[in-house]
Undergrad: 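This structure is in structure tokens; I'll ask about it shortly.
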Number of protein chains: 2
Amino acid sequence: MTDYLKTIHKSKLFRKVPETDLEPLLEQLDSQLKFYRAGQVAVTAGRRVRRVGLILEGTLNMYEYDFWGREHHIDTLKSGMLLLENNAVSGTVTIHNYTAVESSVILWFNIREILRLDETHTSNTILIQSFMKELARKNLQLYTRLSDLDRMSTKEKLLSFLSKEALRHNSDEFDIPFDRKQLADYLSVERSAMSAELSALARAGYLETRRNHFKLLKPSLRTED
Amino acid sequence: MTDYLKTIHKSKLFRKVPETDLEPLLEQLDSQLKFYRAGQVAVTAGRRVRRVGLILEGTLNMYEYDFWGREHHIDTLKSGMLLLENNAVSGTVTIHNYTAVESSVILWFNIREILRLDETHTSNTILIQSFMKELARKNLQLYTRLSDLDRMSTKEKLLSFLSKEALRHNSDEFDIPFDRKQLADYLSVERSAMSAELSALARAGYLETRRNHFKLLKPSLRTED
DNA sequence: TTCAAGATGTTGGAATTCCAACATCGTTGT
DNA sequence: ACAACGATGTTGGAATTCCAACATCTTGAA
């Protein structure tokens with residue numbers, strides 16, 4: 001564990017815990033390091049979850065099997081991210097599987113331990129604050145993508161995404177963090193069809209784009225061309 | 001406030017707080033009741049959020065405006081549900097608007113107050129537990145829908161949704177909580193096209209359905225017909 | 001029981017999207 | 001400068017979805 005104390009202390013979750021409190025806190029949380037080889041299954045769907053995982057090193061693939069046994073990719077989790085945080089808090093069974101795609105290290109800890117009524121150290125409160133912020137951050141992130149996918153056409157998905165990017169950058173001109181293929185995956189549409197739709201939107205005067213740079217155009221401005 | 005103490009105590013969030021602790025706790029949280037007429041705007045996008053809202057009575061419409069000024073419905077919030085919980089925790093600005101669709105009552109309270117390092121009453125810890133569970137529950141709910149929408153065709157969206165319903169009911173035969181129109185909205189597809197796709201799936205041997213009752217069929221069983 | 005309204009299924013043409021194939025553009029390494 | 005490769009844009013036919021219109025089935029009220 002001591003080998004990874006620095007890494008743990010760099011994570012969003014434990015960053016604000018005073019360095020001297022970290023080791024006893026981890027002990028209180030009944031935490032444990034586990035090492036996974038590339039390809040090794042870390043978590044299988046169907047198990048009741050008690051501990052949260054914090055990825056210290058490596059990358060995990062998060063996926064699920066449907067009723068007909070087909071595998072579906074959900075997300076790729078990288079160093080610094082949590083896993084099973086929701087099931088651990090709510091004490092539910094996970095429907096997801098997790099496999100290491102490269103050699104990985106996970107810190108497992110019992111977050112509910114921190115909520116015990118009789119233990120109220122400062123570092124406990126700090127950890128709870130950080131943990132809640134992580135849950136809230138994830139919620140907002142899921143809401144954002146959900147509102148992009150909750151559209152009936154590629155055009156509307158694009159406009160939804162670009163609208164929020166403009167809001168996020170507080171400007172009608174901005175760079176997006178995706179290339180075309182990544183954007184198509186994010187919106188769950190086919191790359192070349194999306195590319196065609198972007199061209200159509202540009203022709204229609206909604207925007208200008210080149211690579212990952214975008215400029216959105218207001219209808220009122222468009223008519224003044 | 002006293003008029004609504006019973007309602008508050010019935011909510012998921014405050015249910016587990018001892019009844020005698022409730023009123024002082026609400027005071028500690030700097031809480032406040034607000035009343036909204038039908039049609040009245042409760043929250044406008046762009047404001048930094050400090051308090052969480054708990055809907056005690058009524059219904060709110062949650063929506064956003066895109067860059068081009070078009071309004072998009074996000075969700076309909078009913079009695080017992082929280083609003084702005086994520087922005088309040090993370091201290092961020094909300095991009096959503098909320099309007100009362102009928103006469104409504106909201107309890108506003110400062111959840112961060114509960115996380116102050118110097119205040120550690122039992123009821124505080126209980127509230128934090130309930131609040132975290134709500135965040136986690138919402139996260140799981142968003143993940144569920146997201147994985148249904150993250151498909152390229154109506155057929156795949158349906159199979160994803162039905163798979164998880166089967167898992168949830170722990171049975172290949174179950175009732176879904178939607179009628180056809182609601183299901184189409186949930187999956188962001190057109191009702192009649194979805195209806196046609198369901199018929200096609202039934203013909204192809206994936207399932208049997210009548211109204212909101214479904215029975216999923218395994219390929220292996222299908223071939224034995 | 002009958003009727004009316006709502007829910008569901010079906011159909012055909014228009015529009016969109018998928019998909020594969022290929023052209024063009026940009027970047028990187030030599 | 002040039003070649004190679006990856007990213008992006010374009011195109012056409014197949015497949016899917018939208019959309020409107022209508023038929024049929026269910027449910028609840030009279």
Side-chain angles (χ1 to χ4, degrees), chain A residues 66 68 70 72-73 76 145-162 165 173-217, chain B residues 66 68 70 72-73 76 145-162 165 173-217:
Chain A
D66 71 12
W68 293 272
R70 300 178 307 164
H72 296 281
H73 174 80
T76 300
R145 182 147 108 102
L146 205 46
S147 72
D148 291 334
L149 292 188
D150 186 16
R151 304 291 161 96
M152 304 241 293
S153 69
T154 300
K155 173 183 173 181
E156 291 299 330
K157 287 180 178 181
L158 282 167
L159 294 183
S160 172
F161 168 74
L162 293 171
E165 282 295 289
E173 200 162 355
F174 49 85
D175 291 342
I176 66 171
F178 298 136
D179 63 24
R180 291 292 185 270
K181 175 55 179 153
Q182 291 172 322
L183 180 55
D185 287 346
Y186 173 86
L187 297 178
S188 282
V189 298
E190 201 273 333
R191 182 199 61 79
S192 71
M194 184 193 78
S195 215
E197 192 56 54
L198 275 174
S199 300
L201 285 170
R203 269 197 305 281
Y206 280 93
L207 51 83
E208 292 168 4
T209 176
R210 181 189 152 79
R211 294 272 159 172
N212 69 337
H213 187 79
F214 284 80
K215 178 173 185 176
L216 303 190
L217 304 174
Chain B
D66 71 12
W68 294 271
R70 300 179 307 164
H72 296 281
H73 174 80
T76 299
R145 181 146 107 101
L146 205 45
S147 72
D148 291 334
L149 291 189
D150 188 14
R151 304 291 163 96
M152 304 242 293
S153 69
T154 301
K155 173 183 174 184
E156 291 298 331
K157 287 180 179 181
L158 281 168
L159 294 183
S160 173
F161 169 74
L162 293 171
E165 283 295 288
E173 199 164 355
F174 51 84
D175 291 343
I176 66 171
F178 298 136
D179 64 23
R180 291 292 185 270
K181 175 54 180 155
Q182 291 171 323
L183 181 54
D185 286 346
Y186 174 87
L187 298 177
S188 283
V189 297
E190 201 273 334
R191 181 199 61 78
S192 72
M194 185 193 76
S195 215
E197 193 55 53
L198 274 174
S199 299
L201 285 171
R203 270 196 305 280
Y206 282 92
L207 51 84
E208 293 167 3
T209 177
R210 181 188 153 79
R211 294 269 157 175
N212 69 336
H213 187 78
F214 284 80
K215 179 173 185 178
L216 303 189
L217 305 173

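Chain identifiers are assigned alphabetically (A, B, ...) following the order of the sequence lines, protein sequences preceding nucleic acid strands; residue numbering begins at 1 within each chain.
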Undergrad: Could you please name the option among C:dT17, D:dT11, D:dT8 that lies closest to any side-chain atom of A:Arg211?
TA: D:dT8
Undergrad: Separation of B:Leu159 atom CG from D:dT16 atom P, in whole Å?
TA: 13 Å
Undergrad: Specify the separation, in whole Å, of atom NZ of A:Lys155 and atom C1' of D:dC18.
TA: 14 Å
Undergrad: Tell me: CZ of A:Arg203 to C1' of D:dT11, nearest whole Å?
TA: 12 Å
Undergrad: Using only modelled atom types and a 3.5 angstrom limit, is any donor from either the side chain of A:Ser153 or the base of C:dA15 paired with an acceptor on the other?
TA: no
Undergrad: Assess the side chains of B:Glu173 and B:His213: does a donor N or O sit below 3.5 Å from an acceptor N or O?
TA: yes
Undergrad: How close do B:Gln182 and B:Pro177 get, counting heavy atoms only, and between which atoms?
TA: OE1-O, 4.0 Å
Undergrad: Measure from NZ on A:Lys157 to P on C:dT17 and round the result to the nearest Å.
TA: 9 Å
Undergrad: Is there a side chain to side chain donor-acceptor pair (under 3.5 Å) between B:Glu190 and B:Ser192 once you walk through the steps?
TA: CA-CA 6 Å; B:Glu190 201 273 334; B:Ser192 72; 2.8 Å; yes
Undergrad: Contact class for B:Met152 vs. all strands (heavy atom < 4.0 Å): base, sugar-phosphate, or nothing?
TA: sugar-phosphate
Undergrad: Nearest-Å distance, CG (B:Asn212) to C1' (D:dC25)?
TA: 15 Å
Undergrad: Do the side chains of A:Glu156 and B:Arg70 get close enough for a salt bridge, i.e. N-O under 4.0 angstrom?
TA: yes
Undergrad: Go through A:Arg145 and B:Asp150 one step at a time and tell me if the salt bridge (charged side-chain N to carboxylate O under 4.0 Å, His left out) criterion holds.
TA: CA-CA 10 Å; A:Arg145 182 147 108 102; B:Asp150 188 14; 3.2 Å; yes
Undergrad: To the nearest angstrom, how far is A:Glu197 atom CD from C:dT16 atom C1'?
TA: 8 Å
Undergrad: Without swapping roles, check the side chain of A:Asp66 against the backbone of B:Ser160 for a donor-acceptor pair under 3.5 Å.
TA: no
Undergrad: Ignoring the backbone of A:Ala193, work out which of D:dC19, D:dT8, C:dC18 is nearest its side chain.
TA: C:dC18
Undergrad: For DNA chain D, whose closest nucleotide is more 5', that of B:Ser192 or that of B:Thr154?
TA: B:Thr154
Undergrad: In whole angstrom, what separates A:His213's NE2 from D:dT8's C1'?
TA: 17 Å
Undergrad: Measure the distance from CE on B:Met194 to P on D:dA20 and round it to the nearest whole Å.
TA: 17 Å
Undergrad: Where along residues 178-191 of chain B does a heavy atom come under 4.0 Å from DNA chain C, residue by residue in number order?
TA: B:Asp179, B:Arg180, B:Lys181, B:Arg191
Undergrad: Mark yes or no for whether A:Lys157, through its side chain, and A:Arg151, through its backbone, hold a donor-acceptor pair below 3.5 Å.
TA: no
Undergrad: From C-beta outward on B:Ser195, which listed nucleotide comes closest to its side chain: C:dG26, D:dG9, C:dG9?
TA: C:dG9
